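All of these numbers come straight from a predicted model, not from anything done at the bench.
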There are 2 protein chains.
Amino acid sequence: MQNSECKKNYRTRQQEALGAYFRCNPEACVTADDIYMYFIGRGDKIGKATIYRSLDRMVESGEIKKFLSDGGEGAMYQLIDGGNGCDRHFHLKCIRCGTVVHMDCEFMDEFERHIMEHHNFRVDNGRTIIYGLCGNCSANVAE
Amino acid sequence: MQNSECKKNYRTRQQEALGAYFRCNPEACVTADDIYMYFIGRGDKIGKATIYRSLDRMVESGEIKKFLSDGGEGAMYQLIDGGNGCDRHFHLKCIRCGTVVHMDCEFMDEFERHIMEHHNFRVDNGRTIIYGLCGNCSANVAE
DNA sequence: GGCGAATTTGAAAATGATTTTCATTTTTAT
DNA sequence: ATAAAAATGAAAATCATTTTCAAATTCGCC
């Protein structure tokens, strides 16, 4: 009810609880049901629909990521570490686990310059996402 | 029944059909239902269960990859590294006029190599679209 | 401090993708 | 060819996720 200890502007107790859950478990990699069970286990009152809705919001706002698990239990959710949005780098997004790697090095300038000079095209870093496989997943996918 | 035209060792007509589908559509990025509809549309006889089972096998064997779409329609399947040249270039898409420029030059290899070596990430050219402004639009847009 | 509007919640029902069941068909090995 | 093993398809079952809608909560404002 009161959000005295809360800095972020979550509107409701449930939304704050979810935010706190991820902040207190920064490495958590969980399904919606995992989270539901966690709260139910603690005796908290929360509905699954609310969890799904809140997770959607957090994915939308870029706080957490959603991806397909290796097993087949449903979507998994995990905190996005950096979280600080910046336009001076590319995003490399793993198509397997959803991890976003931030590419922020001088080579990028070279890339932009090449595309500008040789292809007459001005890259928009903010909108561009490079898809592929991160190191982990690359190692796990047989080829 | 006869697999005269088939080189790969798929056991059944349905499995061969699925393999052929991906080989003939190397850039296809589809849901199980897309594939089902495709075959039904052609008048072929195939069940959804078989499609799911075959897709699982192909993911397992590393022929195709499975991932969560950005929209929310279910899992998507796509050939891994089509092997065909179509995966060998980037697409530069203008966010203003929609023009797609194909970037197909030796610099791309350099780009991939850099990302692989410095960022431990294997770029998937087929799925990546670089957004920005084409020459025309760049000249016309005030910034 | 409280009232009404707007938003959020939760339980249950609905949805929809995927999996399982099982009788039948096809393939494989002999 | 023939029997055993594996694969198929239609339908039913499963299960994660979404929707519905009435009740509860929060927000804006006086």
Heavy-atom pair with the smallest gap, counting every atom of Ala28(A) and Gln78(A): O-CG, 3.2 Å
Between Gln15(A) and dT9(C), does any side-chain N or O lie under 4.0 Å from OP1 or OP2? yes
Does Arg57(A) have a side-chain nitrogen or oxygen under 4.0 Å from the phosphate oxygens OP1 or OP2 of dT7(C)? no
Among dA11(C), dT18(C), dG9(D), which is the nearest nucleotide to the side chain of Ala75(B)? dT18(C)
Proximity to the side chain of Ala49(B) - top-ranked nucleotide from dA10(D), dA11(C), dT18(C): dA10(D)
Separation of atom CD in Glu73(A) from atom P in dT17(D), rounded to whole Å: 10 Å
Can you tell me if Asp56(A) uses its side chain to pair, donor with acceptor, with the backbone of Arg53(A) under 3.5 Å? no
How long is the line joining CD of Glu60(B) and P of dT19(C), in whole Å? 13 Å
Glu60(B) bridged to Lys66(B) by N-O distance under 4.0 Å: no
For the pair Phe111(B) and Phe111(A), name the ring-plane relationship: parallel under 30°, tilted 30 to 60°, perpendicular over 60°. parallel
How many whole angstroms separate atom CD of Glu16(B) from atom C1' of dT27(C)? 15 Å
Give me the atom names and distance for the closest heavy-atom approach of Asp44(A) to Arg42(A). OD2-NH1, 2.8 Å
Taking only side-chain N and O atoms of Tyr52(B), does any of them lie within less than 4.0 angstrom of OP1 or OP2 on dT18(C)? yes
Does OP1 or OP2 of dT8(D) have a side-chain N or O of Thr12(B) closer than 4.0 Å? yes
Over how many whole Å does the gap from Tyr36(A) atom OH to dC15(D) atom C1' extend? 15 Å
Verify the contact: side-chain N or O of Gln14(A) to OP1 or OP2 of dG10(C), cut-off strictly under 4.0 Å; return yes or no. yes
Would you indicate, yes or no, if dG28(D) has its OP1 or OP2 atom less than 4.0 angstrom from a side-chain nitrogen or oxygen of Arg11(A)? no
Thr50(A) side chain N/O closer than 4.0 Å to the phosphate oxygens (OP1, OP2) of dG10(C)? yes
Rounded interatomic separation in angstrom, taking CZ from Arg13(A) and C1' from dA24(D): 11 Å
Using heavy atoms to find the nearest nucleotide of DNA chain D for Arg53(A) and Lys48(A) separately, return the residue whose nucleotide is more 5′. Lys48(A)
Please state how far atom CD1 in Ile46(B) lies from atom P in dA7(D), giving the value in whole angstrom units. 14 Å
Could you give the NZ-to-C1' distance, from Lys66(B) to dT19(C), as a whole number of Å? 11 Å
Rounded to the Å, how far apart are Met37(A) CE and dC15(D) C1'? 12 Å
